[in-house]
Amino acid sequence: GTIQRLTVTGFKSFRRRVVIPFHEGFTAIIGENGTGKSNIFDALTFVMGRRSRALRAERMEQLLHAPPNGEPVSEALVEITLDARNVPLGELVPEEGDELLLGRRISGGGSTYRLQGKTCPARSVEGVLSALSIEPDGHHIVEQGMVVDVLERSPRRRREILDEVA
Amino acid sequence: GTIQRLTVTGFKSFRRRVVIPFHEGFTAIIGENGTGKSNIFDALTFVMGRRSRALRAERMEQLLHAPPNGEPVSEALVEITLDARNVPLGELVPEEGDELLLGRRISGGGSTYRLQGKTCPARSVEGVLSALSIEPDGHHIVEQGMVVDVLERSPRRRREILDEVA
Amino acid sequence: KKERFFSVMEAVSAELNRLFCQLFRGGEAELSLAEPGNIESGLLIRARPPAKETRLLDALSGGEKTLVAIAFVLSLAAGRPAPFYLLDEVDAALDQANSERLARLLKEFAKEAQVIVISHNEEVVRYADRVYGVTMRQGASQVVALELVGHE
Amino acid sequence: KKERFFSVMEAVSAELNRLFCQLFRGGEAELSLAEPGNIESGLLIRARPPAKETRLLDALSGGEKTLVAIAFVLSLAAGRPAPFYLLDEVDAALDQANSERLARLLKEFAKEAQVIVISHNEEVVRYADRVYGVTMRQGASQVVALELVGHE
Ligand SMILES: Nc1ncnc2c1ncn2[C@@H]1O[C@H](COP(=O)(O)OP(=O)(O)OP(=O)(O)O)[C@@H](O)[C@H]1O
Ligand SMILES: Nc1ncnc2c1ncn2[C@@H]1O[C@H](COP(=O)(O)OP(=O)(O)OP(=O)(O)O)[C@@H](O)[C@H]1O
Ligand SMILES: [Mg+2]
Ligand SMILES: [Mg+2]
């Protein structure tokens, strides 16, 4: 389930198509304030199913790239390739393979998902990600400014995190 | 109303008496994680009337210094000297003067205030501080990790901040 | 009362814009009421970094939000100045260039009011008039005045 | 189900203690249930930095809380490992020495899982295997792979 590639077009501050190859090990992303670093994580969690509310936007349209002094683009596409070797996905995925291609496109007021190039419901994406131990709002994704949040939750909500991994 | 001196004994991580002379202009406080920097601000806001709840403690006793493997001390004293030149305090203060000495002592489960060396109710301290444009929970004191909090409040609560200064 | 409120709001909004432009080197910021004319309604903050669209405050980056918040807090002095400001690691989300811009602003601001900051950031500490170091030995804090070397 | 929960809690608690000791160079941390034996009750985290008393999590400093939170998040891998970790400026409250200790821990952790961090902190970036730089031109973000020079 590691991330092998991210492709972003028209999403938030990404106007032209940007492709980022990811690798195993320890990767750092740097850059000045406001350049788009957290937007990369927003793109990754968006394609995994996060709602616009949790992506610093009130409505889906606000995720469409809006250039300074220009019209917002009419659609956005985020695609991610995940390593699916040694993970039995069975009937969850139309075509078995070593790689899993996940996509989410925004147009009009809504969004559609794709799995291995074929349109699919959000539920299929959830199922596949869960089989890969990936949760779009899980403990393994820590948003900016939220690192101590896990300690400040109530003991009951903390226990639920343990349920996730038990 | 500028701070001229802080004296802390037995409060949080301050065991022996610590005296910090403050000056006009720009002062920086540095030190490794966990050494007691924020505790200095806690001492300053404590003597101005902040409640233990807002000082990362559930009860007043938890503000008493507790050494590793030892008994907590039985009392704590925080004193602060404020510049009171050119501020007409009139009957708010027992003895007029250029300096204002404020103190707060913890013993048993409660605390007592002193103004110019004489015990006084919390209300007197509030009155004097307000005349000096000082508010223990005011906008001019920004706690660690809370800098963007002022933007995240509701518009109605933000307006109240403007009321403070209008 | 109503006149007083509006004149203070004007003054704070103008000061917010000035501080914002200094920190962002351009752009604009202003205050307005949710229902113009009604002083009981909520206060809105609009901020537009240079070469960008105006967006919800929420859509700004972590560092950008920090700068807007600091500009707002300091702009309130245009209403009623406070004698001192205690700022605990307000620079935590800032990159090097913005830390330096913040430090220069605080140094200027410290001519009118007493400014005391806690920071791990060399960029900011360099601009201070005085530095105190805090250490801990066997669970007890100690504070010493540090010698200033190579300060701005 | 109950056995599974307790054995996972044991394993995570032991891993939390190991990571805590590595980050703090001593001390101890553990998980426990508000009502021992009742898996529906709340989860408590106890943490004691070296040479200090055990206190409420709230009384820890900003940097100490950050380290406990990171140790807890990473210790959950002892229950069910996640394939990747996305950490957005988790080091913002850390001083230089703790940033370096965190970076070493993440480098070790990255042998088992993919770790992607966003950071302004040179201490942390130095330990990365690969670095991407993000810039913005006329409101549009661009990303480039950076050459590693003098890396750990
Ligand atoms: N729909 C959009 N269209 C164009 N730009 C957008 C859109 N949504 C957000 N942005 C821009 O993205 C920027 C924020 O990016 P991001 O939060 O990724 O910054 P960052 O690199 O993480 O910075 P920091 O280091 O301060 O956290 C904002 O300045 C905003 O203008
Ligand atoms: N009642 C008390 N008695 C003794 N020590 C205490 C007491 N209350 C808090 N402390 C200690 O104070 C320390 C925290 O100090 P403080 O929050 O001021 O650190 P800091 O210098 O601000 O660190 P950081 O840079 O991480 O924010 C804790 O480690 C805690 O052990
Ligand atoms: Mg960010
Ligand atoms: Mg602190």
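Chain identifiers are assigned alphabetically (A, B, ...) following the order of the sequence lines, protein sequences preceding nucleic acid strands; residue numbering begins at 1 within each chain.
Residue C/Val144 does not touch chain B at all, counting heavy-atom pairs closer than 4.5 Å. For C/Ala113, the part sitting under 4.5 Å from any heavy atom of chain B is the backbone (N, CA, C, O) and nothing else. Only the side chain of C/Val8 comes within less than 4.5 Å of a heavy atom in chain B; its backbone stays farther off. For C/Leu146, the part lying near chain B is the side chain, with the backbone staying farther off; criterion is any non-hydrogen pair under 4.5 Å. Residue C/Ala92: no heavy atom, backbone or side chain, is found under 4.5 Å from chain B. The contact between C/Tyr85 and chain B is made by backbone and side chain atoms together, counting heavy-atom distances below 4.5 Å. At a 4.5 Å heavy-atom cutoff, the contact between B/Glu152 and chain C is made by side-chain atoms alone. For B/Leu132, the part lying under 4.5 angstrom from a heavy atom of chain C is the backbone only. In this structure, the portions of C/Val73 lying under 4.5 Å from any heavy atom of chain B include both its backbone and its side chain. For C/Glu40, the parts lying near chain B are the backbone and the side chain together; criterion is any non-hydrogen pair under 4.5 Å. When heavy atoms are compared at a cutoff of 4.5 Å, C/Lys65 approaches chain B by way of both its backbone and its side chain.
With chain C as partner, the option from B/Gln144, B/Glu32, B/Arg15, B/His139 having the largest number of non-hydrogen pairs under 4.5 angstrom is B/Gln144. For the set B/Leu162, B/Val150, B/Val18, the count of heavy-atom pairs under 4.5 angstrom toward chain C peaks at B/Leu162.
Taking each heavy atom of C/Arg4 and B/Val165 in turn, the nearest pair found is NH2-O, 3.6 Å. Contact detail for C/Phe84 and B/Gly1: the closest heavy-atom pair is CD2-O, 3.5 Å. C/Gln142 and B/Arg16 make their closest contact through NE2-NH2, 3.6 Å (heavy atoms, listed as atom of the first residue, atom of the second, distance).
Proximity of a side-chain donor or acceptor of C/Tyr132 to a complementary backbone N or O of B/Lys37 within less than 3.5 Å is not detected. The backbone N or O of B/Thr35 sits less than 3.5 Å from a side-chain atom of C/Ser141, completing a donor-acceptor pair. Judged by distance alone, with hydrogens and angles left aside, the side-chain atoms of C/Gln114 form a donor-acceptor pair with the main-chain N or O of B/His23 at under 3.5 Å. Under the 3.5 Å distance criterion, the side-chain polar atoms of B/Arg158 are left unmatched by any main-chain donor or acceptor of C/Gly42.
Taking OG1 from B/Thr27 and CG from C/Leu106, the interatomic distance works out to 11.5 Å, rounded to the nearest 0.5 Å. In this structure, B/Phe41 CZ and C/Asp88 CG are separated by 5.5 Å, a value rounded to the nearest 0.5 Å. Here C/Ile45 contributes atom CD1 and B/Arg153 contributes atom CZ; the two are 10.5 Å apart, rounded to the nearest 0.5 Å. In this structure, the separation between CD on C/Glu89 and CD1 on B/Ile29 is 11.0 Å, given to the nearest 0.5 Å. Here NE2 of B/His140 is found 11.0 Å from CG of C/Leu87. Values are rounded to the nearest 0.5 Å. The distance from the CD1 atom of B/Ile30 to the OG1 atom of C/Thr135 is 11.0 Å, given to the nearest 0.5 Å.
Residues B/Ile40 and C/Ile116 fail the side-chain proximity criterion, which asks for heavy atoms closer than 4.5 Å. Side chains of B/Ser133 and C/Pro83 form a contact here, defined as non-hydrogen atoms less than 4.5 Å apart.
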side-chain contact (heavy atoms from CB on, under 4.5 Å) assessment of C/Leu86 paired with B/Ile3: CA-CA 11 Å; C/Leu86 306 180; B/Ile3 303 167; 4.3 Å; yes
side-chain contact (heavy atoms from CB on, under 4.5 Å) between B/Phe26 and C/Val117, worked out: CA-CA 8 Å; B/Phe26 187 12; C/Val117 300; 3.7 Å; yes
